[in-house]
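See structure below.
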Amino acid sequence: MAVLVTGGAGYIGSHTVAELLERGEEVVIVDSLQQGHRDAVLGGKLYVGDLRDKAFLGTVFEENEIDAVIHFAANSLVGESMKDPGKYYHNNVYGTLCLLEVMNEHHVKRIVFSSTAATYGEPEQVPILETDRTLPTNAYGETKLAMENMMKWFDIAHGIKYVSLRYFNAAGAHEDGRIGEDHDPETHLIPIILQVALGKRPHISIFGDDYATPDGTCIRDYIHVTDLADAHILAVKKLREGSESRIYNLGNGKGFSVNEVIEIARQVTGHPIPAVIETRRAGDPASLVASSERARTELGWTPQRDSLERIIASAWAWHQARPAGYDQ
């Protein structure tokens with residue numbers, strides 16, 4: 001039986017495909033290559049197409065014995081989602097509806113969903129718990145929450161069991177250097193910092209240094225992308241064992257400030273990495289850190305690459321080897 005990975009040519013999806021292959025799983029990948037990269041797929045059977053094309057998707061299920069789905073395919077830029085929410089509802093929500101309908105038609109009853117801690121919005125407490133209020137502050141988070149709710153009703157109506165994984169910042173690269181992070185535009189802090197070290201940007205902007213944090217800069221949770229991949233695979237295992245549907249946060253349980261990330265990047269790269277303080281961005285909470293105690297207890301998930309130095313070092317190795325990303 002195969003695992004279908006939607007968005008498997010993207011950043012987290014490609015690392016998950018790599019880990020599935022390492023474990024001897026048969027892997028089928030669906031990706032439109034709108035944001036993904038063909039060269040990021042290290043094996044398995046790749047189908048290029050859109051989830052919203054149900055005839056295409058039906059062919060994928062007909063040609064393969066699929067027993068579980070890991071669903072990454074989605075648009076995920078917060079700023080863009082606020083400017084064009086229709087794009088996010090059509091791709092993320094309608095795409096997921098098509099996927100669930102085709103799964104149900106082919107009697108595939110297990111799905112692991114790559115969600116986001118943006119479903120919580122402004123946190124009521126830190127670290128954030130799975131039982132905390134969900135009140136997204138952007139269209140991206142709202143669509144991910146809508147996708148979770150859709151899965152809940154497909155479970156009730158059709159018995160499709162799901163695990164939803166909520167997390168913040170994936171970072172780092174595969175430690176053998178074959179695949180890594182390549183977005184256009186790039187919006188993630190660590191690769192932007194490394195672009196400064198590579199001379200592709202003059203400086204890194206720090207948006208506010210007067211937050212209620214120890215050094216005044218925002219605190220965020222960073223997880224190595226391979227640790228995230230491991231969590232998705234453990235969730236598949238949990239569903240195969242007959243688990244009921246569940247939601248899990250994934251995080252290191254501690255956060256790193258923007259200043260800390262920059263300083264460790266300076267140490268790892270040996271470059272000065274100039275930083276410029278700029279005004280706050282609207283809607284940036286001071287601290288976002290997720291508790292992953294439930295995932296550790298129920299999934300047996302323990303991050304193996306949780307030091308920020310190791311995360312940044314793996315990303316730096318990738319960006320040095322491929323400064324132009326997959327286009328190189």
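- By the salt bridge (Lys or Arg N to Asp or Glu O under 4.0 Å) test, E130 pairs with no residue at all, sequence neighbours left out.
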Stepwise side-chain hydrogen bond (donor to acceptor under 3.5 Å, both in side chains) check, H224 with S314: CA-CA 9 Å; H224 195 284; S314 67; 3.1 Å; yes
Full working for side-chain contact (heavy atoms from CB on, under 4.5 Å) between R110 and V69: CA-CA 6 Å; R110 305 179 187 96; V69 175; over 6 Å; no
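- Pairs of residues two or more places apart, or lying in two chains, that qualify as side-chain hydrogen bond (donor to acceptor under 3.5 Å, both in side chains) and include a residue from residues 13-23 are E19-R23, R23-D230.
- Put simply, I204 and F256 are part of the same group of oily side chains (I, L, V, M, F, W, Y) that touch within less than 4.5 Å, one to the next.
- Between S115 atom OG and I247 atom CD1 the span is 7.5 Å, to the nearest 0.5 Å.
- For R133, the CZ atom counts as densely surrounded, since its 6.0 Å shell holds more than 12 non-hydrogen atoms of other residues, nucleotides or ligands.
- Put simply, the side chain of L20 reaches to within 4.5 Å of the side chain of I70, judged on heavy atoms.
- Residues meeting the side-chain hydrogen bond (donor to acceptor under 3.5 Å, both in side chains) test with D182, sequence neighbours left out: none.
- In this model, a donor atom of one side chain and an acceptor atom of the other lie less than 3.5 Å apart for S114 and Y167.
- Within the 3.5 Å criterion, the main-chain N or O of T143 finds no donor-acceptor partner in the side chain of N92.
- A donor-acceptor contact shorter than 3.5 Å links the side chain of E186 to the backbone of H188.
- H106 places a side-chain N or O within 3.5 Å of a backbone atom of V102 that can act as its donor or acceptor partner.
- In terms of hydrophobic clustering, with Ile, Leu, Val, Met, Phe, Trp and Tyr side chains grouped at heavy-atom distances under 4.5 Å, Y94 and L99 are assigned to a common cluster.
- M1 CE: more than 12 foreign heavy atoms inside a 6.0 Å radius.
- Taking E101 as the reference, K54, L97, F154 meet the side chain to side chain contact (heavy atoms under 4.5 Å, CB included) condition, with sequence neighbours excluded.
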When you look at Y222 and D306, which way does the side-chain contact (heavy atoms from CB on, under 4.5 Å) test go after all the steps? CA-CA 8 Å; Y222 296 89; D306 58 351; over 6 Å; no
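- A salt bridge does not link E80 with K83: none of the charged nitrogens is closer than 4.0 Å to a carboxylate oxygen.
- Checked by atom type and distance alone, the side chain of N169 never pairs as donor or acceptor with a backbone atom of I223 at under 3.5 Å.
- Salt bridge annotation for R240-E25: present, with a cationic side-chain nitrogen under 4.0 angstrom from a carboxylate oxygen.
- Of the possible donor and acceptor atoms, one in the side chain of H232 sits under 3.5 Å from a partner among the backbone N and O of L228.
- Applying the salt bridge (Lys or Arg N to Asp or Glu O under 4.0 Å) rule to pairs touching residues 319-328 yields nothing, sequence neighbours excluded.
- S205 meets the side chain to side chain contact (heavy atoms under 4.5 Å, CB included) test with H203, F207, E278; sequence neighbours excluded.
- Under the 4.5 Å side-chain heavy-atom criterion for ILVMFWY residues, a single connected hydrophobic cluster contains both L57 and M151.
- Side-chain atoms of T269 and L194, non-hydrogen and from C-beta on, do get closer than 4.5 Å to each other.
- In this structure, the side chains of V3 and V5 come closer than 4.5 Å at one or more pairs of heavy atoms.
- Ring-plane geometry between Y11 and H183 is classed as perpendicular, the angle between the planes exceeding 60 degrees on a 0 to 90 degree scale with a lower cut at 30.
- The SG atom of C218 sits 7.5 Å away from atom CZ of R281, with the distance rounded to the nearest 0.5 Å.
- Sorted by first then second residue, the salt bridge (Lys or Arg N to Asp or Glu O under 4.0 Å) pairs that include residues 134-153, not counting sequence neighbours, are E148-R166.
- Side-chain contact between V261 and I193 is present, with at least one heavy-atom pair separated by less than 4.5 Å.
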Full working for side-chain hydrogen bond (donor to acceptor under 3.5 Å, both in side chains) between Y47 and N64: CA-CA 11 Å; Y47 289 81; N64 301 277; 3.1 Å; yes
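- Contact of the I206 side chain with the N259 side chain is registered, since non-hydrogen atoms from C-beta on lie closer than 4.5 Å.
- L4 contributes atom CG, which lies 4.5 Å from atom CD1 of I66 (distance to the nearest 0.5 angstrom).
- Here the side chain of D31 pairs a donor or acceptor atom with the backbone of L33 at under 3.5 angstrom.
- For F168, there are no ring-ring contact (aromatic ring centres under 6.0 Å, His included) partners two or more places apart in sequence or in a different chain.
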Evaluate the criterion side-chain hydrogen bond (donor to acceptor under 3.5 Å, both in side chains) for residue pair D215 and T217; output intermediate values, then yes/no. CA-CA 6 Å; D215 65 19; T217 63; 2.7 Å; yes
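- Summarising the geometry of V93 relative to M147, their closest heavy-atom pair is CA-CG, 4.2 Å, with the distance given to 0.1 Å.
- Proximity of a side-chain donor or acceptor of T59 to a complementary backbone N or O of A55 within less than 3.5 Å is detected.
- For R246, the side chain to side chain contact (heavy atoms under 4.5 Å, CB included) partners two or more places apart in sequence, or in a different chain, are S243, Y248, R294, E298.
- A donor-acceptor pair under 3.5 Å links the side-chain atoms of H174 to the main chain of D176, judged by distance alone.
- Counting only residues at least two apart or in different chains, ring pair (Phe, Tyr, Trp, His ring centres under 6.0 Å) contacts with residues 309-328 comprise H37-Y326, H271-W316, W318-Y326.
- Summarising the local packing, CD of E65 is surrounded by 12 or fewer heavy atoms from other residues, nucleotides or ligands at distances under 6.0 Å.
- Here salt bridge (Lys or Arg N to Asp or Glu O under 4.0 Å) pairs that include residues 195-212, with residues two or more places apart or in two chains, are D210-R280.
- Between P303 and N252, some side-chain heavy-atom pair lies under the 4.5 Å cut-off.
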Full working for side-chain contact (heavy atoms from CB on, under 4.5 Å) between E293 and N249: CA-CA 8 Å; E293 284 308 306; N249 289 338; over 6 Å; no
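- Under the 4.5 Å side-chain heavy-atom criterion for ILVMFWY residues, no single connected hydrophobic cluster contains both I192 and V225.
- Judged as a side chain to side chain contact (heavy atoms under 4.5 Å, CB included), and not counting sequence neighbours, the contacts of R310 are E175, R305, S307.
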Candidate pair H71 and Y162, rule ring-ring contact (aromatic ring centres under 6.0 Å, His included), full reasoning: CA-CA 10 Å; H71 181 31; Y162 68 92; over 10 Å; no
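- Taking hydrophobic clusters as Ile, Leu, Val, Met, Phe, Trp and Tyr residues chained together by side-chain heavy-atom distances below 4.5 Å, V236 does not share a cluster with I111.
- Taking 4.5 Å as the limit, some side-chain heavy atom of V289 sits within range of a side-chain heavy atom of I219.
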Apply the test side-chain contact (heavy atoms from CB on, under 4.5 Å) to residues D221 and L288: give CA-CA distance (whole Å), side-chain angles for both, the deciding distance (0.1 Å), then the verdict. CA-CA 7 Å; D221 205 333; L288 293 174; over 6 Å; no
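- A heavy-atom distance below 4.5 Å is found between the side chains of N104 and I160.
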